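Letters A, B, ... are given to chains in the order of the sequence lines, protein chains preceding strands, and every chain is numbered from 1. Since this is a predicted model, take the numbers as computed values, not measurements.
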Amino acid sequence: MRASNLYAPTLREVPAEAEIPSHKLMLRAGFIRKAAGGIYTYLPLAWRTLRKIERIIREEMDAAGGQEIAMPIMQPAELWKESGRWDVFGEEMFKLNDRHDREFCLGPTHEEIITDLIRNEVRSYKQLPLLLYQIQNKYRDEIRPRFGLMRGREFIMKDLYSFDKDEAGLDVSYKKMYDAYTKIFSRCGLVFRPVEADSGAIGGSNTHEFTALAKTGESQIAVCTKCDYAANVEKAELSAIKSGDETEQKLKKVATPGTKTIEAVIEYLHLSIEKSIKAVMFQDEKDRVIFAFIRGDHDVNDVKLQNAVGAVELHMAEKASITAFGGVPGFTGPIGLKKDTVIVIDQSVMNMKNACCGANEEGQHYINVNPQRDFGDVLVKDIRQIKDGDPCPHCGAPVQLTRGIEIGQVFKLGIKYSGSLRATFLDENGREKPFVMGCYGIGVSRTMAAAIEQYHDADGIIWPKAIAPYEAVIVAINAKDSAQMKLAEEIYTAMKKSGIDVLLDDRKERAGVKFKDADLIGYPVRITIGPKAVKENIIEVKVRKTGEVFNFDRNSYLPAVQKLLSQL
RNA sequence: CGGGGCAUGGCUCAGUUUGGUAGAGCACCUGGCUUGGGACCAGGGGGUCGCAGGUUCGAAUCCUGCUGCUCCGACCA
């Protein structure tokens with residue numbers, strides 16, 4: 001390809017709409033243009049990179065036994081109503097009607113379609129396992145599309161669905177996908193971690209998110225500094241903190257006027273914050289009021305709390321709801337609350353000795369609180385949010401909190417969809433059984449964005465070789481110098497012939513412009529053809545990532561460049 | 001959905017406070033000159049100032065309503 005024919009409109013200035021590096025750079029380097037909020041056109045450079053990512057995905061999916069199909073983007077409402085997700089997805093789904101007023105949606109995912117596809121045709125356990133996948137556009141009417149391709153309303157996703165006869169089979173399929181994902185993201189050159197995640201409202205027993213580490217990432221993860229444990233902060237487990245042996249003192253109510261915050265209480269009582277118990281009140285979707293208690297210096301993890309009490313959604317409780325159950329805002333404690341409410345105590349609180357907590361009376365706290373002795377029959381769970389330096393649940397070494405971009409997820413669905421859509425087969429004993437399913441997604445367009453988040457500098461993108469739109473660019477310094485152009489052409493032809501994915505920048509621009517564009521677009525290597533090349537037979541090769549410059553001889557540059565590329 | 005901000009040529013923005021001839025840089029076209037890190041000179045084209053009302057002799061500027069974009073929050077691959 002010649003740059004003079006390439007549609008890659010680069011921008012000198014940063015468009016005002018972009019916030020994060022990947023978005024800014026994709027706009028500036030001429031990779032994408034916005035069509036509407038969260039909807040983008042992929043220009044030639046982006047499309048090449050996407051196709052390279054897809055190719056890697058296809059190779060690994062096929063190697064793991066996957067078969068590629070293509071399912072419709074537009075899907076009938078009936079299937080979604082049958083699975084019960086027409087309303088669950090709700091506003092987030094793009095819905096439309098045809099001329100006969102039949103309802104459709106633009107697929108946000110394809111569990112319904114695929115389950116429907118196989119439910120009437122796969123009848124026997126002998127046809128299993130079955131792994132089908134596609135690379136397809138997905139649609140989600142995001143409340144707030146942002147960050148360019150990171151959170152769009154239309155995005156490219158690879159989704160594979162596995163069908164097995166039993167849990168053991170699912171475990172095998174899951175492992176295959178887990179391993180394939182590891183290979184895929186490694187081949188893409190990304191720095192990533194598979195992290196344990198919460199399965200959320202979709203249900204399911206086991207799930208890992210593949211997260212590309214990046215400062216701008218939207219999800220927060222806890223990574224062990226010693227072992228390979230990594231988990232989404234929503235999921236990251238904590239073990240109960242042991243307390244020192246202390247003689248239990250007698251429970252006592254004391255006046256603590258005006259101490260509505262934990263800080264005020266401990267200052268007033270001259271206690272350390274580790275001796276305080278904090279109350280946090282929530283209401284769920286059924287308007288149940290939930291009283292959660294946690295050590296003063298800890299924070300409640302609302303996903304853990306949701307799971308602990310079986311709620312779908314939690315929000316802060318209203319004052320009236322708190323008082324209705326005997327709580328007094330600022331002075332709420334577990335002792336003396338009405339029995340017909342939900343009380344959850346963090347596991348670490350149960351080990352505390354001679355602590356303090358609210359007495360459910362204005363201006364009053366209890367001291368010498370010993371939860372094991374004083375709280376009676378309460379629900380004890382791990383509801384605490386992990387923080388930097390907390391011990392790893394596997395090896396005990398401190399964990400580190402870091403941010404990442406979720407680029408893939410592997411998920412054991414079990415029989416959730418095969419159950420609701422009545423998709424069954426006959427097992428060895430002739431018994432009808434629902435398929436045991438798994439689903440496995442990769443955000444393809446998001447992976448491209450994640451790569452840029454990981455690899456860029458002040459001058460532009462620095463593509464990993466495997467997913468760069470072109471592996472190399474040849475810059476002729478002076479397009480009007482026919483000797484230079486002739487040599488550039490010669491090298492271009494030779495490199496192409498040897499299998500290098502190369503672009504020839506033959507534009508009639510000044511050298512500076514071409515250099516700036518090459519850095520911005522981020523070709524892994526740049527070959528410069530100037531006077532030195534013509535007069536001294538020196539082929540100059542610059543590595544984008546390191547800035548290293550190599551001078552190769554005109555007669556032997558090709559193997560040298562190949563070797564250089566193979567090391568990138 | 002709640003709270004900010006913005007909307008002026010393809011891009012980045014000034015002009016709006018205090019109403020009076022629509023601007024700059026970049027990009028684009030022509031010619032010249034230049035060619036190792038986003039040159040320079042000369043000439044040129046392009047904007048009903050987001051939309052709809054209103055106030056006024058006169059509105060980019062003041063008022064009302066709407067739309068779009070964007071940032072923060074609740075939601076999420």
With a non-hydrogen cut-off below 4.0 angstrom, is [X] in contact with a base, only sugar-phosphate, or nothing?
X	value
A:Asp481	nothing
A:Val475	nothing
A:Gly152	base
A:Ala16	sugar-phosphate
A:Arg28	base
A:Lys532	base
A:Leu520	base
A:Glu142	base
A:Thr109	nothing
A:Arg33	nothing

Output the single nucleotide from [options] whose closest atom is nearest the side chain of [X].
X	options	answer
A:Lys480	B:G37, B:U34, B:C69	B:U34
A:Ile477	B:G36, B:U12, B:G38	B:G36
A:Glu13	B:G38, B:C13, B:C11	B:C11
A:Arg144	B:C75, B:G36, B:A74	B:A74
A:Ile143	B:C1, B:C26, B:G36	B:C1
A:Pro531	B:A39, B:G36, B:A77	B:G36

[X] [atom1] to [N] [atom2], straight-line distance once rounded to whole Å:
X	N	atom1	atom2	answer
A:Glu406	B:C75	CD	P	15 Å
A:Asn232	B:A77	CG	P	10 Å
A:Arg146	B:C69	CZ	P	15 Å
A:Arg526	B:G38	CZ	C1'	13 Å
A:Asp141	B:C1	CG	P	12 Å
A:Leu11	B:C28	CG	P	12 Å
A:Leu314	B:C75	CG	P	10 Å
A:Glu17	B:G10	CD	C1'	13 Å

Hey, which of these two, A:Gly443 or A:Asn478, hits RNA chain B nearer its 5' end, going by closest nucleotide?
-> A:Asn478
Ranking A:His23 and A:Arg12 by the position along RNA chain B of their nearest nucleotide, the one closer to 5' is A:Arg12
Which whole number of Å gives the distance between the P atom of B:G53 and that of B:G58?
-> 16 Å
Is it true that [X] and [Y] have a side-chain N and a carboxylate O under 4.0 angstrom from each other?
X	Y	result
A:Asp87	A:Lys81	no
A:Glu13	A:Lys24	no
A:Arg58	A:Glu68	yes

For [N], give its Watson-Crick or G-U wobble partner with both distances under 3.5 Å, or none.
N	result
B:G50	B:C66
B:C1	B:G73
B:G37	none
B:A27	none

Trace of the salt bridge (Lys or Arg N to Asp or Glu O under 4.0 Å) decision for A:Asp284 with A:Arg288 | CA-CA 5 Å; A:Asp284 73 1; A:Arg288 289 190 299 171; 2.7 Å; yes
When the ring centroid of A:Trp463 is compared with that of A:Phe31, is the distance short of 6.0 Å?
-> yes
Would you call the rings of [X] and [Y] parallel, tilted or perpendicular if under 30° counts as parallel and over 60° as perpendicular?
X	Y	result
A:Phe163	A:Phe435	perpendicular
A:Tyr470	A:Tyr523	tilted
A:Tyr181	A:Phe185	perpendicular

With distance as the sole criterion, do the side chain of A:Lys542 and the base of B:G37 form a donor-acceptor contact below 3.5 Å?
-> yes
Do A:Glu540 and B:G36 share a donor-acceptor pair, side chain to base, under 3.5 Å?
-> yes
Taking only the side-chain nitrogens and oxygens of A:Lys34, find out if one of them lies under 4.0 Å from OP1 or OP2 of B:U70.
-> yes
Can you check whether A:Arg510 has a side-chain N or O nearer than 4.0 Å to OP1 or OP2 of B:A39?
-> yes
Does the side-chain ring of A:Phe155 lie flat on the base of B:A77, meaning centres under 5.5 Å and planes less than 30 degrees apart?
-> yes
